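Here's the structure, in structure tokens; my notes come after.
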2 protein chains.
Amino acid sequence: MPDDHWTPPPVLLAVDLVILTLRESVLHILLVERGIEPFLGALALPGGFLATDTEDILAAAHRELREEADLDAAGLHLEQLGAYGAPERDPRGRVVSVAYLAIAPGLPEPVAGTDAARAAWTPVPEVLTHRVRLAFDHEQIFNDGLERARAKLEHTALATAFCTPAFTITQLRTVYEAVWGVQLDPRNFHRKVHAVEDFIVALDAERRDGPGRPARLFTAGSRSSLFPPLVRPTPTATSEVLP
Amino acid sequence: MPDDHWTPPPVLLAVDLVILTLRESVLHILLVERGIEPFLGALALPGGFLATDTEDILAAAHRELREEADLDAAGLHLEQLGAYGAPERDPRGRVVSVAYLAIAPGLPEPVAGTDAARAAWTPVPEVLTHRVRLAFDHEQIFNDGLERARAKLEHTALATAFCTPAFTITQLRTVYEAVWGVQLDPRNFHRKVHAVEDFIVALDAERRDGPGRPARLFTAGSRSSLFPPLVRPTPTATSEVLP
DNA sequence: TCAAAAGTGTTGTAACTACACCCATGA
DNA sequence: TCATGGGTGTAGTTACAACACTTTTGA
């Protein structure tokens, strides 16, 4: 603790968001094109500074989610990733950023909210293969967020946050495949999901699009931690991992 | 992002530490008695404010570890838990704290460093049963830190951070039992630990104290992630969990 | 020779992978 | 009746808990 005559140096607090969703079976992240220096024109995670002296950090994340992505808080997963505070991470001065991971159900079109005109869903493989470069230390934050999402799919019901209220088991499997970047056996997946009580509950409805047997519709159950867990396949030398 | 004429509100940045160690087979946490208001006289996590404008947050954690606990950075585990920034968490004003989890090998006596005169190792069960109350939101941070440590024992070699450079398998098992608060079968534990390649490597030495067959000494190997993992026993209705 | 602690073998079970197979629908 | 996708059955394998058993020491 400091002594009475010394005042600690103040810092500016920002919030940055890793917002993930599924679009046409591909994992996407919401990125914005920066309109001001530094990194003018570069892509970055949506985010911003704390609005007032008394704003809660989680509330700030919710606000940015609304302002920059036009996404409502209701029914959307939001959790903290951590604080990023290297002294030189922002050339404007000492800015510490608290990063959040948000998961949204698949949205039909790129959002067009107030500040969100420049916001665009970007395929995650584009970022992973460095075809897209991010401003600041946002690539680090993105990597941490993606790894958090991948890990939490194993032990929690996070996958349902990617889905609309009613979904088929195949849609749920597509979530796992897109986030993990692997192929899963549909038949074993079907049973594993059913083996966890209250992970998904059957609705009294079916979905019939194209040909093939109609699929039962489900909704997220009350269970939040999965047992037995759905473990990621261990990458072997022979197995192929999608980018 | 803010417009050019508006300045975001500054906050004060603190660092708080959850420092865990094992003392006589019981998990302990380092707590300090507060010497100033608020919460004067109450127990709290060691920590303090950022020292300078340009100090890295992780460096600040290392500095507090040295100042408040007289612990050297070398060979000690330190990882970030997250940011705690509720507006009313500190009555003095807007203080955002970045919490860290530190794991230290068992130390013979309560540390007596510069600021650490009032620091004391406190048994974790005392805190869990609310016989010890913590200042600010430090109980929340403590719970998050403990859960992080418990979870990481399963999948990483974190347990070796609790041990001196040379340790027996029984000592390693004691770490798991103390942190998880369960009893483990010594024979199955022995094999599971050996099944993970490079988790522990045998030294050419034995330890012989009291009666009984001398135990082989080991040291931490190069492996950091454990496969197969050492999974916590699922608490059942009949099983007893130590406080 | 006994107690204590280290370490090994064995057995039944749970959960998994891989794949053969059956079911229900639209064209 | 065929292609397409949904869903079930089964066999071999891995990891595991439980516990009987052997080994090596100090007193």
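Just so it is clear, the model here is predicted, and its values are computed rather than measured. Protein chains get the first letters and strands the later ones, always in sequence-line order, with residue 1 at the start of each.
At a non-hydrogen distance threshold of 4.0 Å, nothing from residues 152-171 of chain A comes into contact with DNA chain C. Proximity of residues 184-193 of chain B to DNA chain D (heavy atom under 4.0 angstrom from any strand atom) is restricted to Asp185(B), Arg187(B), Asn188(B), Arg191(B), Lys192(B).
The nearest pair of heavy atoms linking Leu30(A) to Pro46(A) is O-CD, 3.2 Å. Smallest separation of non-hydrogen atoms from Ala178(A) and Ser25(A): CB-O, 3.7 Å. In plain terms, the two heavy atoms of Arg148(B) and Glu79(B) that are nearest each other are NH1-OE1, 2.7 Å. Closest approach of Leu17(B) and Ala61(B) over heavy atoms only: CD1-O, 3.9 Å.
His194(A) and Phe218(A) have their aromatic ring centers within a separation under 6.0 angstrom.
Both Arg216(A) and Pro228(B) sit near DNA chain D, but only Arg216(A) has its closest nucleotide nearer the 5' end. If you find the closest nucleotide of DNA chain C to Ala195(A) and to Arg173(B), the one lying nearer the 5' end belongs to Arg173(B).
Annotation: side chain of Glu154(B) is in contact with side chain of Trp180(B) (closest heavy-atom distance under 4.5 Å).
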Show me, pair by pair, the donor-acceptor contacts under 3.5 angstrom made by side chains of residues 158-167 of chain B, not counting sequence neighbours?
| unit_1 | atom_1 | unit_2 | atom_2 | d |
| --- | --- | --- | --- | --- |
| Thr160(B) | OG1 | Ala157(B) | O | 2.7 |
| Thr164(B) | OG1 | Ala166(B) | O | 3.0 |

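Read 5' to 3', the first and last nucleotides of DNA chain D with an atom closer than 4.0 Å to a heavy atom of chain B are dC16(D) to dG26(D).
Among residues two or more places apart in sequence or in another chain, the side-chain contact (heavy atoms from CB on, under 4.5 Å) test is passed with Thr219(A) by Val201(A), Leu203(A).
With Gln140(A) as the fixed residue, the side-chain hydrogen bond (donor to acceptor under 3.5 Å, both in side chains) test singles out one of Asn143(A), Asp137(A), Asp144(A): Asp144(A).
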Run the numbers on Arg133(B) and Glu139(B) for salt bridge (Lys or Arg N to Asp or Glu O under 4.0 Å), then give the verdict. CA-CA 8 Å; Arg133(B) 294 307 194 92; Glu139(B) 179 165 339; 5.5 Å; no
Apply side-chain contact (heavy atoms from CB on, under 4.5 Å) to residues Leu45(A) and Ile29(A) and explain how you reach the verdict. CA-CA 9 Å; Leu45(A) 299 177; Ile29(A) 181 173; 3.8 Å; yes
Apply the test salt bridge (Lys or Arg N to Asp or Glu O under 4.0 Å) to residues Glu147(A) and Arg232(A): give CA-CA distance (whole Å), side-chain angles for both, the deciding distance (0.1 Å), then the verdict. CA-CA 12 Å; Glu147(A) 177 50 34; Arg232(A) 281 182 267 190; 3.2 Å; yes
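When rounded to the nearest whole Å, the span between CG of Leu172(B) and P of dG7(C) equals 12 Å.
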List, with names and distances, any nitrogen or oxygen atoms from the protein found under 3.5 Å away from nitrogen or oxygen atoms belonging to nucleotides 25-27 of chain C.
| unit_1 | atom_1 | unit_2 | atom_2 | d |
| --- | --- | --- | --- | --- |
| dT25(C) | O2 | Gly212(A) | N | 3.2 |

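Taking a cutoff of 4.0 Å between a charged side-chain nitrogen and a carboxylate oxygen, Glu206(A) and Arg216(A) do not qualify as a salt bridge.
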